[in-house]
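Since the model is a prediction, treat every value here as computed from it, not as a measurement.
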Amino acid sequence: MSEALLDIRNLELRYGAAVAVRDISLQVHPGQLVAVIGNNGAGKSSMVRGATGLVRPSGGQVIFRGEDTTRLPANKKVARGLVMVPEGRLLFPGQTVEDNLILGAYVHGGIKTPRSKATLQRVLELFPRLRERLHQQAGSMSGGEQQMLAIARGLMAEPELLVIDELSLGLAPKIVDQLIGVLADLNRTGLTILLVEQLASYALAIAHTAYVVANGRISHHGPSAELARDPEVMEAFLGRKKTAA
Ligand SMILES: Nc1ncnc2c1ncn2[C@@H]1O[C@H](COP(=O)(O)OP(=O)(O)O)[C@@H](O)[C@H]1O
Ligand SMILES: [Mg+2]
């Protein structure tokens, strides 16, 4: 197989004395859609913060595009193509949709470059709702539209790898289905995605491979279809969809 785009090796992360990530190793290869599932408090977001440089890991390595980026700050990682859509979206609610998108393009010199203008047009084709609402305040939109904006803002940074933390947070199932469809489409057109999601069944439905995080470690890892059939894995998640056996 090709070299991993993201290779997390024995990651450990602490908040003061509390260990949130004990030992996580995980690989994402170019073109893959990889899911990370696990219950609330398992350490998924902490793993993402360690990988993206928002929190400095206390142990292990984060190799991105063959380079040891363990100690690089988040903005430098974004410039290299490691882009995150954070849990809870973290939009600027008082700013317009357009301004939020422009902020996403910041690492590439803002929206004035021809390249960023072209990216904006592509992103707005993907999310026509955002085009209609370009001059509306981000905080005045529905939760689903705000999640679209958070993904769109991430795309403005032209990711090599898009990491999405809790796509489904606070959204109705119908909206989650819609956004899951958008991610599957983006992946089919070549975008590599790491999807961190508490609602396991949604993530497993579109991912190639998946990792289960429990107590700061990987408890299971394998092809999504296999994990989705594993009763031990599925019983651990309240978010599972009941499917006929
Ligand atoms: N900023 C923080 N400060 C201290 N402890 C934290 C912080 N964020 C998360 N934790 C703790 O780290 C553990 C893992 O949390 P988190 O990574 O948010 O899990 P998940 O994303 O899987 O729900 C939990 O015990 C949580 O209480
Ligand atoms: Mg989380």
How far does CE of M148 sit from CD1 of I151, to the nearest 0.5 angstrom?
8.0 Å
Any chance you could lay out the side chain to side chain donor-acceptor pair (under 3.5 Å) test for R131 and Q121, step after step, and finish with the verdict?
CA-CA 9 Å; R131 192 193 291 279; Q121 288 315 312; 3.2 Å; yes
Salt bridge (Lys or Arg N to Asp or Glu O under 4.0 Å) with D23: which residues, sequence neighbours excluded?
none
With a 4.5 Å cut-off on side-chain heavy-atom distances among I, L, V, M, F, W and Y, is there a chain of contacts connecting V176 to L186?
yes
Straight-line distance of T69 OG1 to K76 NZ, nearest 0.5 Å
12.5 Å
In the hydrophobic cluster built from side-chain contacts under 4.5 Å, what are the other members alongside F92?
L103
Is it the case that over 12 heavy atoms from other parts of the model lie below 6.0 angstrom from the CD atom of E232?
no
Value for OG1 (T192) from CG (L5), rounded to nearest 0.5 Å, stands at 5.5 Å
Do L54 and I63 sit in the same hydrophobic cluster, where Ile, Leu, Val, Met, Phe, Trp and Tyr count as joined when their side-chain heavy atoms come under 4.5 Å apart?
no
Calculate, to the nearest 0.5 Å, the distance between atoms OG1 and CZ belonging to T52 and F64 respectively.
11.0 Å
Test D99 against every option in L101, T96, V97 by the side-chain contact (heavy atoms from CB on, under 4.5 Å) rule and name the one that passes.
T96
Mind checking whether V83 and L72 sit in one hydrophobic cluster, side chains of I, L, V, M, F, W, Y counted as touching below 4.5 Å?
no
Under 4.5 Å between side-chain heavy atoms, hopping through other hydrophobics if needed: is there a path connecting I175 to L169?
no
If Ile, Leu, Val, Met, Phe, Trp and Tyr residues are connected whenever their side-chain heavy atoms lie under 4.5 Å apart, and connections chain through other members, are L191 and V85 in the same group?
yes
Separation of Q198 CD from L167 CG (nearest 0.5 Å)
12.5 Å
Going by the rule side chain to side chain donor-acceptor pair (under 3.5 Å), which residues pair with R71 if we only count those two or more places apart in sequence or in a different chain?
none
What is the minimum heavy-atom distance between A20 and Y15, and which atoms define it?
CB-CE1, 3.5 Å
Check this for me, if you would: do R188 and D185 make a salt bridge, where the nitrogen-to-carboxylate-oxygen distance has to be below 4.0 angstrom?
yes
With a cut-off of 3.5 Å and sequence neighbours excluded, list every side-chain donor-acceptor pair involving residues 152-165.
{"residue": "R153", "atom": "NH1", "partner": "L90", "partner atom": "O", "Å": "3.0"}
{"residue": "R153", "atom": "NH2", "partner": "R89", "partner atom": "O", "Å": "2.8"}
{"residue": "E158", "atom": "OE1", "partner": "R115", "partner atom": "NE", "Å": "3.0"}
{"residue": "E158", "atom": "OE1", "partner": "R115", "partner atom": "NH2", "Å": "2.9"}
{"residue": "E158", "atom": "OE2", "partner": "R115", "partner atom": "NE", "Å": "3.1"}
{"residue": "E158", "atom": "OE2", "partner": "T119", "partner atom": "OG1", "Å": "3.3"}
{"residue": "D165", "atom": "OD1", "partner": "S45", "partner atom": "OG", "Å": "3.4"}
{"residue": "D165", "atom": "OD2", "partner": "S45", "partner atom": "OG", "Å": "2.6"}

Decide whether S168 and E197 meet the rule of one side-chain donor and one side-chain acceptor closer than 3.5 Å.
yes
Partners passing salt bridge (Lys or Arg N to Asp or Glu O under 4.0 Å) against R229 (at least two apart in sequence or in another chain):
none
Applying salt bridge (Lys or Arg N to Asp or Glu O under 4.0 Å), which residue pairs with at least one partner in residues 35-53 are found, sequence neighbours left out?
K44-E166
